[in-house]
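Below is one structure, written out as structure tokens; comments come after it.
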Amino acid sequence: MKQKKDNFSSRLGFVLAAAGSAVGLGNLWRFPYLAAKYGGGSFLLIYLILAVTFGFALLTTEIALGRKTGKSALYAFGKLNEKWSFIGVLASAVPIIIMPYYCVIGGWVIKYAWVYIAGSGAAAAGDDFFTGFISQPVEPIAWLVVFILASMAIILLGVNKGIENMSKVLMPLLVVLSVVIAIFVITRPGATAGLVYYFKPDLSKMSANAFLAALGQLFYSMSLAMGIMITYGSYMKKEDDIEASVRNVEIFDTGIAFLAGLMIVPAVFVFNNGDTEALKAGPTLMFITLPKVFDSMAGGHIIGAVFFILVFFAALTSAISLMETVVSIFVEKTGKSRKFITICVTIYTILMAVPSSLGFGIWSHISIKGLSILDMWDFLSNSVLMPIVALLTCIFVGYVVKTNIVTDEVKASTDKFKSEKLYVVLIKYFSPILIVLILISSILNTFGIITL
């Protein structure tokens, strides 16, 4: 039986949902440490330029393809040119791979939020707390199940009542909480040095690596090449302005990342008296370094609780977009009810998430080239499949079906596309070159041949 296509009720609903997808864990922990590593203001400048060019082109393309075809990523490409339907298969594989291991990290976030709400933030600051927790065989799995079930509950409500209504609440809350924490942090004694470090461009750190790091961060941060924006585009009304919506999503995504830097960089300066080594903690910054920062602050247990609630909201909005994309794919493929597919996808996610969780404990001996089970899935999806899908999408739009497929769709609602000439140049020439750079640098970085 053919399922009735649900839609976002307004452009605001679409923007908040798409922004919710884009705003995730990458904005809140990866962006700040990359900005700190590559000279603060210099990295911010590079990132902003790439966001309004490279990010704009790819985001516009995916949303327009979704609205033009009314299909999920699995069928959108094939509807325009059957010979290129394989791109849809590759794009659909990305969220199917990412969703389980992303929920493992989502479970960690809920655990930390609970610890701080329960008033045990001092324990979280212990040197062995994080590794002791993730190496356990049962508790991390219990938390990831809670995270997955929270995502499932919203998906079951549908696009309008579930995703859109949730985004209208969580996205403003994300902004408010980010501003509150940032204000608290930058008013701490010693935070001024952190602000200078974060804002002042360090030209000595302007390098090819800084450019590639900003490029990679933008690529993953904006939910590109995951099939998500194609799926959300298929729920977008014809009268809604795509170009304006894309700009709004970029503002939300970049704004939250910027605020995350305001929260974290000065906080680490306050804790370490200007020592920037803690900022190089990378992925462990959120779960090991920041709890120590909060523990050192007056009122840090409260700010820690608010921070991890904020991170939970960001992680949840991204997880929902991943699950919705997978559900949409299989509803279209099988014709089964949305409820049935959502339950099946939930069971799959739990089963596939368990090995990634156990990979930090009893299955830690399983690895390839030093990569844990979770890291192996992350490498396959983020470093290999996503750049390939993005590159093929640029070739498909630029040279197979031609750019007017996108530009005409953008103009369908407003009769104008202000950045049309820029878009055509970006999607045909500029973006493919950058994507190849992302693909090569990501693979070399993963195997330690270069360091980003």
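In this chain, numbering begins with 1 at the start of the sequence shown.
- Residues I155 and I163 approach most closely at CD1-CD1, 4.1 Å, considering heavy atoms.
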Sequence neighbours left out, cut at 3.5 Å: what donor-acceptor pairs do the side chains of residues 309-318 make with other protein atoms?
unit_1	atom_1	unit_2	atom_2	d
T317	OG1	G20	O	2.7
T317	OG1	V23	O	3.4
T317	OG1	F313	O	3.3
T317	OG1	A314	O	2.8
S318	OG	S21	O	2.9
S318	OG	V23	O	3.1

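- Annotation: ring-ring contact (aromatic ring centres under 6.0 Å, His included) contacts of F360 (sequence neighbours excluded): W108.
- The main-chain N or O of A57 is never found under 3.5 Å from a side-chain atom of T60 such that the two would form a donor-acceptor pair.
- The environment of F330 atom CZ is sparse: at most 12 non-hydrogen atoms of other residues, nucleotides or ligands sit within 6.0 angstrom.
- Nearest heavy-atom pair, S357 versus P140, reported as atom, atom and distance to 0.1 Å: OG-CB, 3.5 Å.
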Side-chain donor/acceptor pairs under 3.5 Å, residues 392-402, sequence neighbours excluded:
unit_1	atom_1	unit_2	atom_2	d
T393	OG1	V389	O	2.7
Y399	OH	K428	O	2.7
K402	NZ	Y399	O	3.3

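- Classification of the W143-W114 ring pair by plane angle, with boundaries at 30° and 60°, yields tilted.
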>> side chain to side chain contact (heavy atoms under 4.5 Å, CB included), that's the test. Do F56 and V246 meet it? Break it down for me.
In response: CA-CA 7 Å; F56 170 77; V246 169; 3.6 Å; yes
>> With side chain to side chain contact (heavy atoms under 4.5 Å, CB included) as the criterion, how do M222 and L58 come out once you've worked through the C-alpha distance, each side chain's angles and the decisive distance to 0.1 Å?
In response: CA-CA 9 Å; M222 295 183 72; L58 290 183; over 6 Å; no
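- Across all non-hydrogen atoms, the minimal contact from K336 to V331 is O-CG1, 3.9 Å.
- The backbone N or O of I242 sits nowhere less than 3.5 Å from a side-chain atom of R67 that would complete a donor-acceptor pair.
- Nearest heavy-atom pair across S167 and A17 is OG-CA, 3.4 Å.
- Remark: side-chain polar atoms of E243 are paired, donor with acceptor, to backbone N or O of S419 under 3.5 angstrom.
- Residues meeting the side chain to side chain donor-acceptor pair (under 3.5 Å) test with K238, sequence neighbours left out: E409.
- S364 places a side-chain N or O within 3.5 Å of a backbone atom of G361 that can act as its donor or acceptor partner.
- When atom types are taken as modelled, the side chain of N27 and the backbone of D253 share a donor-acceptor pair closer than 3.5 angstrom.
- Side chain to side chain, N382 and S442 fail the donor-acceptor criterion of an N or O pair below 3.5 Å.
- The salt bridge (Lys or Arg N to Asp or Glu O under 4.0 Å) contacts involving residues 139-155 comprise K111-E139, where partners must be two or more places apart or lie in separate chains.
- Applying the side-chain contact (heavy atoms from CB on, under 4.5 Å) test to A51 and every residue at least two apart in sequence or in another chain returns L218, T254.
- The ring of F307 has its center no closer than 6.0 angstrom to the ring center of Y112.
- Put simply, the side chain of T349 does not reach to within 4.5 Å of the side chain of M152, judged on heavy atoms.
- No hydrogens or angles considered: a donor-acceptor pair under 3.5 Å links the side chains of S381 and Y101.
- Applying the side chain to side chain donor-acceptor pair (under 3.5 Å) criterion to E324, with sequence neighbours excluded, gives Y235, R338.
- Heavy-atom neighbours of E82 CD from other residues, nucleotides or ligands within 6.0 Å: at or below the threshold of 12.
- Applying the ring-ring contact (aromatic ring centres under 6.0 Å, His included) definition to pairs two or more places apart or across chains, those involving residues 401-438 are F417-Y423.
- Q217 contributes no side-chain N or O that, together with a main-chain N or O of R30, makes up a donor-acceptor pair within less than 3.5 Å.
- For F379 and W377, the ring centers are positioned 6.0 Å apart or more.
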> Stepwise, does the side chain to side chain contact (heavy atoms under 4.5 Å, CB included) test hold for T325 with I329?
Replying inline: CA-CA 6 Å; T325 301; I329 288 167; 4.1 Å; yes
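- Checking side-chain atoms of Y198 against main-chain N and O of F258 turns up a donor-acceptor pair under 3.5 Å.
- For F133 and F287, the ring centers sit 6.0 Å or farther from each other.
- Sorted pairs that involve residues 146-176 and meet ring-ring contact (aromatic ring centres under 6.0 Å, His included), not counting sequence neighbours, are lacking altogether.
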In a table with atom names and distances, give each donor-acceptor pair under 3.5 Å that connects a side chain of residues 74-81 to protein atoms at least two apart or in another chain.
unit_1	atom_1	unit_2	atom_2	d
K79	NZ	T69	O	2.9
N81	OD1	K83	N	3.1

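- Ring-centre distance between Y38 and F211: not below the 6.0 Å cut-off.
- Contact check on E164 versus K168 returns a salt bridge, with a Lys/Arg side-chain nitrogen under 4.0 Å from an Asp/Glu carboxylate oxygen.
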>> Working note: L262 + V185, criterion side chain to side chain contact (heavy atoms under 4.5 Å, CB included); need CA distance, chi angles, decisive distance, verdict.
In response: CA-CA 8 Å; L262 276 183; V185 170; over 6 Å; no
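- One N or O on the side chain of S431 and one on the backbone of L426 form a donor-acceptor pair closer than 3.5 Å.
- Shown here are the side-chain contact (heavy atoms from CB on, under 4.5 Å) partners of A142, two or more places apart in sequence or in another chain: there are none.
- The two atoms that bring E62 and S223 nearest to each other are OE1-O, 4.2 Å, heavy atoms only.
- With S234 contributing its side chain and S72 its backbone, the two residues share no donor-acceptor pair below 3.5 Å.
- A distance-only check finds no donor-acceptor pair linking the side chain of S383 to the backbone of L380 [under 3.5 Å].
- By the ring-ring contact (aromatic ring centres under 6.0 Å, His included) test, Y102 is found to be paired with no residue, residues two or more places apart in sequence or in another chain being considered.
- No more than 12 heavy atoms of other residues, nucleotides or ligands lie within 6.0 Å of CZ in F340, so this atom counts as exposed by the packing criterion.
- Between A319 and S151, the closest heavy-atom pair is CB-OG, 3.7 Å.
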